[in-house]
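Working notes, beginning with the structure itself.
As a basis for the values below, the full set of heavy atoms in this structure was taken, side chains included, without hydrogen atoms, waters or symmetry mates. Keep in mind the model is a prediction, meaning the values are calculated, not measured. Quick note: residue numbers are just sequence positions, from 1. Start at 1 and go down the list; that is how both ligands and their atoms are numbered.
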Amino acid sequence: MKIKKAVFPVAGLGTRFIPATKAMAKEMLPVVDKPIIQYAVEEAFAAGIEQIVFVTGRGKKALEDHFDRSFEIEHTLKDKGKDDLLRQIQELVPKTGTIIYTRQHQPLGLGHAIWCAKDIVGDEPFAVLLADDLIQTDKPVLSEMVKKFDRLRASIAAVMEVDKDQTDKYGILDAQKVEEDIVRIDDMVEKPKPGDAPSNLAIIGRYILTPKIFDYLGKKKKGAGGEIQLTDAMKTLLKEQPIYGYKFHGKRFDCGDKAGFQMANLAFALERPNIREKLIKFIQEIQKDF
Ligand code: UTP
């Protein structure tokens with residue numbers, strides 16, 4: 001069965017970015033000149049996704065406006081002959097009917113946010129993208145995962161090795177390597193202390209899930225941090241269905257974290273020919289003070 005829908009939970013409070021996130025979702029913060037969410041939406045459409053489900057909280061208006069047409073800006077750009085920019089902002093608007101919004105009334109956790117999309121997703125496998133995990137790669141992660149899903153016909157999460165002292169920030173796996181870049185997950189635990197972690201293999205914000213996950217998310221059991229956790233539901237799903245991990249190629253930036261966000265800006269800006277040189281010159285200058 002084809003993966004047609006992707007759920008984007010964007011209802012977190014983004015407390016690590018207060019005050020920037022007081023009135024706006026952190027997914028609207030820009031990396032270079034694009035909101036973080038746009039990178040992930042482009043990744044989803046490139047992977048063949050046909051419908052996007054945003055689970056929003058605050059900041060809904062800015063997000064909705066971003067993916068909608070702006071006749072005022074279009075008109076001004078046209079008048080000024082700025083055709084490149086005009087094309088850019090027209091192209092970023094998905095086709096009518098391909099974006100659905102639903103609301104998570106209270107930020108009860110990632111698992112709960114995904115559960116809010118249950119009736120829209122229905123009885124089919126679907127993707128989940130956490131936009132604040134921004135991945136720089138020449139093999140877009142979701143496209144690779146869709147290919148793996150076509151073959152494995154089971155849930156898959158993107159995984160990577162993290163520093164051993166950082167396990168309490170991630171869902172951590174007990175897993176066996178079954179192919180070059182695929183592991184079969186035996187167990188998982190949300191945010192374990194380094195001493196309790198079964199490994200340093202962590203789940204990153206890209207998933208393909210079978211609809212069975214909604215049965216467990218629906219139990220609304222609170223886990224780490226008092227939140228309804230996706231990892232806990234996946235752990236229960238494991239008793240019934242296999243779940244695989246895809247060790248993606250590329251560099252991942254945690255844009256929900258201030259340092260990670262700055263690193264992402266630097267890394268993505270260095271890819272832009274028109275600003276690369278200026279940046280390198282600046283880095284060389286300030287390096288003298290390090
Ligand atoms: P985070 O764990 O980064 O939490 O959420 P957060 O609230 O966004 O940020 P901080 O920790 O307070 O700074 C991971 C993803 O899950 C979504 C977030 O929007 C983010 O994409 N999320 C989290 C929800 O949609 N709802 C929730 O209740 C919690």
Side-chain angles (χ1 to χ4, degrees), residues 6-31 35-41 43-44 52-64 66-67 99-118 120-121 126-135 141-142 157-158 160 162 166-172 188-192 202-207 209 213-214 217-234 252-264:
V7 175
F8 286 75
V10 289
L13 292 180
T15 52
R16 286 169 287 169
F17 265 100
I18 284 173
T21 48
K22 182 167 177 262
M24 180 186 78
K26 73 176 161 194
E27 289 80 4
M28 286 304 294
L29 292 169
V31 167
I36 296 168
I37 189 75
Q38 196 183 323
Y39 290 88
V41 165
E43 182 183 335
I52 300 274
V53 185
F54 283 123
V55 181
T56 64
R58 303 146 315 107
K60 178 180 150 100
K61 192 172 180 311
L63 204 123
E64 278 192 356
H66 184 72
F67 290 106
I99 295 198
I100 299 168
Y101 295 91
T102 188
R103 195 110 181 178
Q104 185 191 24
H105 298 295
Q106 264 182 291
L108 298 178
L110 171 61
H112 179 257
I114 295 168
W115 177 83
C116 292
K118 174 178 179 288
I120 303 170
V121 170
F126 63 104
V128 174
L129 291 94
L130 306 189
D132 43 2
D133 275 336
L134 190 55
I135 301 164
V141 176
L142 194 65
M160 69 178 239
V162 297
Q166 297 289 307
T167 55
D168 56 355
K169 295 192 171 65
Y170 300 90
I172 298 288
M188 55 182 84
V189 45
E190 183 64 23
K191 301 189 170 69
I203 301 185
I204 298 306
R206 301 287 183 279
Y207 308 81
L209 297 166
I213 195 76
F214 290 122
L217 291 174
K219 297 202 188 307
K220 311 217 173 106
K221 227 176 106 205
K222 285 187 182 164
E227 295 193 342
I228 298 165
Q229 298 286 359
L230 174 61
T231 311
D232 294 338
M234 288 173 74
R252 169 257 185 186
F253 298 94
D254 177 6
C255 290
D257 167 77
K258 280 181 199 145
F261 176 72
Q262 300 306 334
M263 288 179 214

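- No N or O atom of Ala131 sits closer than 3.5 Å to an N or O atom of ligand 1.
- To the nearest 0.5 angstrom, Ile172 atom CD1 is 10.0 Å from Lys191 atom NZ.
- Separating the CD atom in Gln106 from the CD1 atom in Ile228 is a distance of 9.5 Å, to the nearest 0.5 Å.
- Set against the non-hydrogen atoms of Glu27, the atoms of ligand 1 under 4.0 Å away are 18 (C), 19 (O), 20 (C), 21 (O).
- The nearest heavy-atom contact from the protein to atom 17 (C) of ligand 1 is Pro9 O, 3.7 Å.
- Lys26 has a carboxylate O that lies under 4.0 Å from a charged side-chain N of Asp132, or vice versa, which qualifies the two as a salt bridge.
- The backbone N or O of Val31 lies less than 3.5 Å from a partner atom in the side chain of Tyr39, making a donor-acceptor pair.
- At least one N/O-N/O distance between Ala11 and ligand 1 falls below 3.5 Å.
- Taking every heavy atom of Asp132 and a limit of under 4.0 angstrom, the matching atoms of ligand 1 come to 3 (O), 20 (C), 21 (O).
- Shown here is Met24, whose CE atom has more than 12 heavy atoms of other residues, nucleotides or ligands within 6.0 Å.
- Of the polar atoms of Leu108, at least one N or O is found under 3.5 Å from an N or O of ligand 1, judged by distance alone.
- Within the 4.0 Å heavy-atom shell around ligand 1 one finds Leu13.
- Close contacts between ligand 1 and Pro107 involve ligand atoms 28 (O) [criterion: under 4.0 Å to a heavy atom].
- To the nearest 0.5 Å, the span separating CD1 on Ile213 from CE on Met234 amounts to 6.0 Å.
- Nearest to atom 12 (O) of ligand 1 among the protein's heavy atoms is Thr15 OG1, 2.5 Å.
- The CG atom of Asp254 sits 9.5 Å away from atom CE of Met263, with the distance rounded to the nearest 0.5 Å.
- Some N or O of Gly12 is nearer than 3.5 Å to an N or O of ligand 1, by distance alone.
- When the shell of 6.0 Å around NZ of Lys118 is examined, it contains 12 or fewer heavy atoms from other residues, nucleotides or ligands.
- Here Ile204 contributes atom CD1 and Tyr170 contributes atom OH; the two are 5.5 Å apart, rounded to the nearest 0.5 Å.
- Using a 4.0 Å cut-off to heavy atoms of Ala113, the atoms of ligand 1 that qualify are 24 (C), 25 (O), 26 (N).
- To the nearest 0.5 Å, atom CD of residue Glu190 and atom CD1 of residue Ile203 are 8.0 Å apart.
- An N or O contact shorter than 3.5 Å links Gly109 to ligand 1 by distance.
- Under 4.0 Å from ligand 1, the heavy atoms of Lys26 that appear belong solely to its side chain.
- For atom 26 (N) of ligand 1, the nearest protein heavy atom (residue, atom name, distance) is Gln104 OE1, 2.7 Å.
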Worksheet item: Would Phe54 and Lys60 count as a side-chain contact (heavy atoms from CB on, under 4.5 Å) if you check the C-alpha gap in whole Å, the side-chain angles of each, and the deciding distance to 0.1 Å?
Response: CA-CA 9 Å; Phe54 283 123; Lys60 178 180 150 100; over 6 Å; no
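- Checking only distances, Leu130 never comes within under 3.5 Å of ligand 1, N or O to N or O.
- The N/O atoms of Gly14, backbone and side chain alike, include one that comes under 3.5 Å of an N/O atom in ligand 1.
- Nearest protein heavy-atom neighbour of atom 2 (O) of ligand 1: Arg16 NH2, 4.4 Å.
- Here the heavy atom of the protein found nearest to atom 16 (O) of ligand 1 is Leu110 CD1, 3.5 Å.
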